[in-house]
Number of protein chains: 2
Amino acid sequence: MKRPTIADIARRAGVSKGAVSYALNGQPGVSEATRQRIVAIAQEIGFNPNSAARALSGARARAVGLTLCRPARILSIEPFFMGLISGFEQELAARSYALTLQVVATPQNETEVYRRWWGERRVDGVFVTDLREHDIRIPVLNELQLPAVVIGGPGDTGNLTQLWSDDAGAITEAVRYLMALGHRRIARVGGLPDLLHTRVRTKAFTEVCASLGLNEAVTVPSDYTGEEGGRATRRLLIEAERPTAIIYDNDVMAVAGLSVAQEMGLSVPGDLSIVAWDDSPLCSLVHPPLTALSRDIAAYGAHAARQLLAAIAGEPVKDEEEGTAHLTPRGSTAPPRES
Amino acid sequence: MKRPTIADIARRAGVSKGAVSYALNGQPGVSEATRQRIVAIAQEIGFNPNSAARALSGARARAVGLTLCRPARILSIEPFFMGLISGFEQELAARSYALTLQVVATPQNETEVYRRWWGERRVDGVFVTDLREHDIRIPVLNELQLPAVVIGGPGDTGNLTQLWSDDAGAITEAVRYLMALGHRRIARVGGLPDLLHTRVRTKAFTEVCASLGLNEAVTVPSDYTGEEGGRATRRLLIEAERPTAIIYDNDVMAVAGLSVAQEMGLSVPGDLSIVAWDDSPLCSLVHPPLTALSRDIAAYGAHAARQLLAAIAGEPVKDEEEGTAHLTPRGSTAPPRES
DNA sequence: TCACGTCACTTATCCGGTTCAGTAAGTTCT
DNA sequence: AGAACTTACTGAACCGGATAAGTGACGTGA
C-alpha cells in the first residue's frame, strides 16, 4: 500500500507541492479557500507527513529521548519511572511528539546514546534523570547543545533546564510528624548515595533531626531494591537501641522493611512506624497500609515535558521546583509503644 | 555545533559521497584501503548517519513502536511491561534500533497511533500486547502491512507473527501442586476478562479442576489492580465455604490478597495458600514470600524483539510458544489446616 | 593488439518534505 | 494611468543519505 505524499495532494488539488506545505502548516501564502480544500483532501486520503522527510528538511525530529540507567530487575518493580513516563506522554502525545526509550547500563553509556541520538538527529531533546554530583552527562549535553530537562537536582547543570521536587521540605514534614507522635529514634533507609536528590534528602534529614534535638539520626544507604531495603532494616532493628520509626527513600524498600519487621515479630505500627517515600498503589495494598510522602509523579513528568518542549522551541525556560510532597498518614505510623 | 555528514567525510578523504556511503555500509565498490581510510575518518570526527536522511532514502526508520494501553496508575505498578521493555532493549540496542513508546487510552487509539506511525514512517514495526478476541488492531495492522509481533495469544492474527507463553501448562502445574498439598477448594482471581491470555488461563483452570474432580473452581474476574484484587479476595473469603487456596493472575493482586487475608485475621499459609502469577521481586519482599509462577519476562521480550526484527528484515517468521512458567514454591503455600 | 571484463570509483537521481526566490494577477495610491 | 504593493501562488533548491548508471584505468585472453 502506497503512502500518500504532499505530491499526491498537490496533484488532486491542482496546486504545487509548496502550496500544500503552506496550507497544511498554517503558513501564510495560500488563500483560505485553497487551504480548506487542501486540508479536506489530506483528511480524505489519510495523509500523514513523513517524519523522516520533515526531520531532514525542517531539522525537527519531533521526538524526545529518555535513557533509563537501572538494572532490569529494579526498573520492572520501581513505579517511579513508569509514572514519570505516563506524565511525559500526556504532554508529548498532545503535540504528537514521540518518546524514544533506551535502557542503558552505565552513565557512560548514556553519554554515548546522547551522542548517537544527536548525530542521528533522532531526538530534539532528552530527559535526564538521576542527577549525580559531577555528572558526566551534563558536559556532554552542553557540548552537543542538545536541549534537556534535568530531573532530580538541584545541582550544577550549566545551561540545562532543571526540575526538582522539594525533598528537603518533604522529609522535614515527615520527621516533624514522627516527632509529634512521640518518636525520638528515627532512622532512614536512603536511596543510591551518589544521586543528588539522595544527598539533598540526607542533608535535610540530618539537619532537621539535629535542629529538633535528635542526635541519633542514622541514614543507612541502599540501592532502592527490596532486598537491600530489607537488609538495611534488619541491620537497624537488631541494634540494642533500635529505632521506633524508619523513613524509606522509596516504596519498594518500605514494603520490604515492613515485611522484615513482621518477620522479626515486631508489630507495625506498635513497635515500629514506617514512612514510605513516593506513594504508589503498593503502599495502600500492604497491611498495614503505609504512611507515605505522596507526590503526583505523572504531573511531575508532565511539567518536565512542558519544559523540554519549550526549550526545544527555543523559548526561555527557567529552573523550577515542583511542589512539596505531602504526608499521607495511614496505618503504618502511630505513637511508639512505651518500652 | 555542526553535525558531520558523509559530505564532510568525502571531502576529507578526497572521494565522493557515494564512495563514503558504500564504504560505511560494507557495500562492494570501494577498495579495502579506501574503506579503512573512510571508516577511520568517520570514527575520528564522530560521524553518525542522520536517521532521517537514511529513513527517507532507505525506507527504514530503524525504530519500532510499542503502545501501552493501561491507565497510568496500573502501568506504574505493574512490573510486567517494564520487564518486557528491558527485554526488547537487549535485542534492539544491539542492532541500534530505537524503541518508540506511546501510552494510549483505548485500543481504538492504538489503531490511530499505528496509522499515524505508518503514515509518518516513524517505525518499521510494532509490538502488540494484550491481544483480545476479535481484536480491532489486527485488521488495521494487516491492512497497513506493518510488521508486528503479537504477544499474548494464541489467537487469530492473520499473517502477523505471534508469541505466547504456555499459560495452560503453568496453571495446570499450580493446581496440581495445590491439590498435592491437600487443597480441594481452589479459587482464582483473574486478569481482565477480555484479554485472550486471561481466557486461556480461565479455560485451562476450569478444565484441570474438573479433570481432577474439583467442581468448585471459581474464577473471579478482576482488572490487575491491587484494589480490585483485594476486593475479589474479600468476596471469596467471606463465603461460607471459603477457598483454602487462591491463584492470582498477577503479583500485584496477589500481594493485595495477602494483605486482605491478614487483615481478616487469616494466617497465610495456614488458613489460605496464595500463588502469584509472574514472579517479580515484589513476591519475595512481602511476608510470607509468595509462591509464584515464574517466567523470565525479559527473555520473553527479547524473543519477541528478535522475531520482530526478523519480520522487518523480511525473513520468514513463525509463531512460537515461549517456555512454560515454572512454579517457585515459597512461604505462602502449605497444606490446608484441618478445619 | 584489441575487444572485453572487472575494479574503483564518480555522477546524478531519488526519497518527501520545507522554504526561498520568483511571478503573474489584482488592488491601492497619487 | 502608471508606479508601488499585496496576494496567491509556482518552481527550484535543499536537507543527507542510498543507489543505479556511467566512466576511466587496468588486467586479461584470443
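In what follows, chains are A, B, ... by sequence order, proteins preceding strands, each numbered from 1.
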Angle by which the axis turns from one end of the helix from C:dT1-D:dA30 to C:dT30-D:dA1 to the other, five pairs per end, to 10 degrees: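 Axis angle across the helix from C:dT1-D:dA30 to C:dT30-D:dA1, nearest 10°: 50°.
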Check: D:dG11 base within 3.5 Å donor-acceptor of A:Lys17 side chain: no
A:Arg35 or B:Asn25, whichever maps to the more 5' nucleotide of DNA chain D: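 Residue closer to the 5' terminus by nearest nucleotide: A:Arg35.
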Residue whose closest nucleotide on DNA chain D lies nearer the 5' end, A:Gly119 versus A:Thr34: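 By nearest-heavy-atom nucleotide position, the 5'-most residue is A:Thr34.
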Worked check of salt bridge (charged side-chain N to carboxylate O under 4.0 Å, His left out) between B:Arg115 and B:Glu143: CA-CA 10 Å; B:Arg115 284 188 190 281; B:Glu143 172 201 336; 3.2 Å; yes
Closest to the [X] side chain, choosing from [options]:
X: B:Tyr22; options: C:dT18, D:dG16, D:dT19; value: D:dT19
X: A:Ser16; options: D:dG16, D:dT10, C:dT10; value: D:dT10
X: A:Phe47; options: C:dT10, C:dG17, C:dT18; value: C:dG17

Rounded distance (Å) that lies between atom [atom2] of [N] and atom [atom1] of [X]:
X: A:Arg122; N: D:dG17; atom1: CZ; atom2: P; answer: 13 Å
X: A:Arg60; N: D:dG16; atom1: CZ; atom2: P; answer: 15 Å
X: A:Arg3; N: C:dG16; atom1: CZ; atom2: C1'; answer: 12 Å
X: A:Gln27; N: C:dC20; atom1: CD; atom2: P; answer: 9 Å
X: A:Glu32; N: D:dC9; atom1: CD; atom2: P; answer: 11 Å
X: B:Ile6; N: C:dA12; atom1: CD1; atom2: P; answer: 16 Å
X: A:Leu56; N: C:dT18; atom1: CG; atom2: P; answer: 11 Å
X: A:Arg121; N: D:dG16; atom1: CZ; atom2: P; answer: 6 Å

Residue pair B:Gln307 / B:Thr161, side-chain donor-acceptor N/O under 3.5 Å: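 No, no side-chain donor-acceptor pair sits under 3.5 Å.
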B:Arg295 and B:Ser165: side chain donor to acceptor below 3.5 Å: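 Side-chain D/A pair, B:Arg295 to B:Ser165: present.
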Can you check whether [X] has a side-chain N or O nearer than 4.0 Å to OP1 or OP2 of [N]?
X: A:Ser31; N: D:dC9; result: yes
X: B:Ser57; N: D:dT19; result: no
X: B:Arg54; N: D:dA18; result: yes
X: B:Asn50; N: D:dC15; result: no

Taking every non-hydrogen atom, the tightest pair across B:Cys69 and B:Ala105: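 Closest approach of B:Cys69 to B:Ala105, heavy atoms only: SG-O, 3.6 Å.
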Just call it for [X]: base, sugar-phosphate, or nothing, with non-hydrogen atoms closer than 4.0 Å on any strand.
X: B:Val15; answer: sugar-phosphate
X: A:Thr5; answer: sugar-phosphate
X: A:Gly14; answer: sugar-phosphate
X: A:Ser21; answer: base

Carboxylate-amine/guanidinium contact A:Arg35 A:Glu32, below 4.0 Å: yes
Working for side chain to side chain contact (heavy atoms under 4.5 Å, CB included), residues B:Glu322 and B:Asp296: CA-CA 10 Å; B:Glu322 184 79 7; B:Asp296 187 341; 6.0 Å; no
Sole candidate of A:Asp8, A:Thr5, A:Ile6 that passes side-chain contact (heavy atoms from CB on, under 4.5 Å) when paired with A:Val20: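 When A:Asp8, A:Thr5, A:Ile6 are each tested with A:Val20, the side-chain contact (heavy atoms from CB on, under 4.5 Å) holds only for A:Ile6.
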B:Ile151/B:Tyr300 under side chain to side chain contact (heavy atoms under 4.5 Å, CB included): CA gap, chis, key distance, verdict: CA-CA 9 Å; B:Ile151 298 167; B:Tyr300 196 31; 3.7 Å; yes
Toward the 5' end of DNA chain C, by each residue's nearest nucleotide, B:Ala53 or B:Val30: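 Looking at the nearest nucleotide for each, B:Val30 comes out on the 5' side.
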5'-most by nearest nucleotide on DNA chain C - A:Ala7 or B:Gly29: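 Per heavy-atom nearest nucleotide, the more 5' residue is B:Gly29.
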Trace of the side chain to side chain contact (heavy atoms under 4.5 Å, CB included) decision for B:Ile138 with B:Asp156: CA-CA 9 Å; B:Ile138 303 303; B:Asp156 179 20; over 6 Å; no
